[in-house]
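Before any comments, here is the structure.
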Protein chains: 2
Amino acid sequence: MATGRNHRPATRSRGIPEATVARLPLYLRALTALSERSVPTVSSEELASAAGVNSAKLRKDFSYLGSYGTRGVGYDVEYLVYQISRELGLTQDWPVVIVGIGNLGAALANYGGFASRGFRVAALIDADPSMSGKQVAGIPVRHVDELETIIHTNGVSIGVITTPGGAAQQVCDRLVAAGITSILNFAPTVLQVPEGVDVRKVDLSIELQILAFHEQRKAAEDLSRETAAPDRMRVPAEQRGEQGPEGDVPAVMPA
Amino acid sequence: MATGRNHRPATRSRGIPEATVARLPLYLRALTALSERSVPTVSSEELASAAGVNSAKLRKDFSYLGSYGTRGVGYDVEYLVYQISRELGLTQDWPVVIVGIGNLGAALANYGGFASRGFRVAALIDADPSMSGKQVAGIPVRHVDELETIIHTNGVSIGVITTPGGAAQQVCDRLVAAGITSILNFAPTVLQVPEGVDVRKVDLSIELQILAFHEQRKAAEDLSRETAAPDRMRVPAEQRGEQGPEGDVPAVMPA
DNA sequence: GAGTCTTTGTGCACGCGTTCACAAGGACAT
DNA sequence: ATGTCCTTGTGAACGCGTGCACAAAGACTC
């Protein structure tokens, strides 16, 4: 080390940019892989490429955590793993409840990625009484009536909602009232929460729609590049249900 | 309304900011709900609140699409639904393949949100031969050897990867080679793709880690506030493994 | 110990996204 | 018609995130 001299850039654990926080898990994953291969050190260039980001960005991200690298050498893998884990709060064990044990909830319960890295499924909760007591991924499903009790007894502060959209807000309200302050929402619903509660959402159909937008744009570009005369596009090529990129079919006009 | 007609603000389908595109599905969902309740028009304020965004942002977003509102009145719900659907490319039907029919893949196959809005599961694909022929959500699972054939015959351009992390890059390469240009990746892997291929990732453990970060920060703030003033609820000093926000335990220092 | 080489850490500039604040525009009543 | 009232559409300012480019700093050689 010897580098220990000062370097406490004021922007310590307080001011880490949100965009950086969102990338730390990515770095952590890449570093863990390196660690398992017993790689001792890694340069910003190598690590950045493994994490799929730009090396300057990575260095700047790490600079918010502190000066953990060695110039001319790179970063100590084990040390970085520890620092990032600590920064993300993964040195402690976060109990999590999953509410809504349908296909998706069951899939998440079975997902191995939980326990491995600081998270533990404290309980599975469902509103269907016929589910109660059944085991999913070795964990018994409990009725939603017990929600508050479960949260208090286990000191849960993170909840995952995998209910149908219609039930999500209701479940959310109960979770928040019971003391949950972080929610991961898989339901296709915009949750209203009070100040101080974090919500992150994962929404399959939104992601697909964004992809569809770009896909459409790419198709339109290809089409206009293919035909020398950009006047009339719309060739049978491609999928059946086609539509000009400027398909101004009024269809439904406002009255 | 009679407002229709004219308005072609130059910034047509070309320059829609990415951030706006990502919000369009949100607006669309809120509008669809209004449409089902037969609400004829909606103001930017109302719609914004339903979509969980700021009304100025919403108006600016819509301004990229064109001038579809009526001053003093608001937006025509049906008309906006149509315009946004068209912009997102949902007036056509996108065939999608899901690769990796484990718990998650099966959950997605069962998810109703697909067909309802412009997407159709063209095939389920898995590498396990014993899965082949079995039905999941009424769709037969086919072997990964058929991947290329399936994609070509159905003109698929969007692929969903729900394999384990180790297989993801390999599957991705095959999808891209077969002509897929948009990928939704659920595997915990950073995919390398050539120029022109869009990848969006959904990663449960990354989301949880981000929540954990904020949760830790909130806990640290509460703790430091508690020293001065007593707090209502919140029983113990938190779960077992607590750690100061500045827990500078050197633990392992690099050489 | 001096010089070279490598890689970090960061100052700076730029572009995107967000928000404010208000003029422009249209509906509706009189 | 004319005036009032309401809501949109947008110019402008600001802040965050990104990427470049380079000086600073340590390791390694001779």
Side-chain angles (χ1 to χ4, degrees), chain A residues 1-12 14-24 26-27 39-77 79-80 83 210 254-255, chain B residues 1-12 14-24 26-27 39-49 51-77 79-80 83 210 253-255:
Chain A
M1 53 167 153
T3 317
R5 48 174 280 89
N6 54 36
H7 271 305
R8 185 120 334 174
T11 147
R12 189 49 195 237
R14 193 59 60 176
I16 301 182
E18 191 55 32
T20 296
V21 173
R23 280 188 295 267
L24 290 181
L26 229 49
Y27 302 145
V39 177
T41 62
V42 65
S43 74
S44 65
E45 200 69 52
E46 294 168 315
L47 185 55
S49 130
V53 302
N54 172 306
S55 73
K57 198 186 299 190
L58 178 141
R59 288 198 298 277
K60 182 146 289 193
D61 283 343
F62 285 175
S63 80
Y64 293 119
L65 308 183
S67 286
Y68 293 151
T70 306
R71 298 180 192 224
V73 175
Y75 298 92
D76 182 276
V77 171
Y79 186 58
L80 251 193
Q83 290 297 343
I210 295 171
Chain B
M1 289 304 118
T3 314
R5 307 312 320 174
N6 57 26
H7 279 302
R8 186 124 332 175
T11 153
R12 193 50 194 241
R14 193 57 60 175
I16 300 182
E18 190 56 34
T20 295
V21 173
R23 280 187 295 267
L24 290 181
L26 229 49
Y27 302 145
V39 177
T41 63
V42 64
S43 73
S44 65
E45 200 70 52
E46 294 168 317
L47 185 54
S49 130
V53 302
N54 174 305
S55 73
K57 197 186 300 188
L58 178 140
R59 286 198 300 276
K60 179 143 287 193
D61 283 342
F62 285 175
S63 80
Y64 294 118
L65 307 184
S67 287
Y68 294 150
T70 306
R71 300 181 190 224
V73 175
Y75 299 92
D76 182 276
V77 172
Y79 187 57
L80 251 192
Q83 290 298 343
I210 295 171
M253 276 299 267

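Computed from a prediction, not measured in an experiment: that's the story for all the values here. Every chain is numbered from 1 and lettered A, B, ... according to where its sequence line falls, protein lines coming before strand lines.
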Worksheet entry | For DNA chain C, the residues among residues 49-61 of chain A that have a non-hydrogen atom under 4.0 Å from it | A/R59, A/K60
Rounded to whole Å, how long is the line connecting atom [atom1] of [X] with atom [atom2] of [N]?
X     : N      : atom1 : atom2 : value
A/L47 : C/dT8  : CG    : C1'   : 13 Å
B/I16 : C/dC16 : CD1   : C1'   : 16 Å
A/R23 : D/dC16 : CZ    : C1'   : 12 Å
A/D76 : D/dA27 : CG    : P     : 13 Å

Response to the item:
Minimal heavy-atom distance between B/S55 and B/A48, with the atoms involved, is CA-CB, 3.5 Å
Response to the item:
Value for CG (A/L58) from OG (A/S43), rounded to nearest 0.5 Å, stands at 9.0 Å
Worksheet item: Going from CG on A/L47 to OG1 on A/T41, what distance comes out if it is rounded to the nearest 0.5 angstrom?
Response: 11.0 Å
Worksheet item: Partners of A/F62 by ring pair (Phe, Tyr, Trp, His ring centres under 6.0 Å), sequence neighbours excluded?
Response: A/Y27, A/Y75
Check nucleotides 1-7 of chain D for protein N or O atoms closer than 3.5 Å to its own N or O atoms and list the pairs.
{"unit_1": "D/dT7", "atom_1": "O4'", "unit_2": "B/G72", "atom_2": "N", "d": "3.0"}

Practice prompt. Measure the shortest side-chain to side-chain distance between A/Q83 and A/L65 over non-hydrogen atoms and say whether it is less than 4.5 angstrom.
Written response: no
Worksheet item: Who pairs with A/A50 by side chain to side chain contact (heavy atoms under 4.5 Å, CB included), at least two apart in sequence or on another chain?
Response: A/A30
Discussion item. Checking A/T20 now: which residues fulfil side-chain hydrogen bond (donor to acceptor under 3.5 Å, both in side chains) with it, not counting sequence neighbours?
Written reply: A/D61
Practice prompt. Could you note down all residue pairs passing salt bridge (charged side-chain N to carboxylate O under 4.0 Å, His left out) where residues 39-59 of chain A supplies at least one of them, sequence neighbours left out?
Written response: none
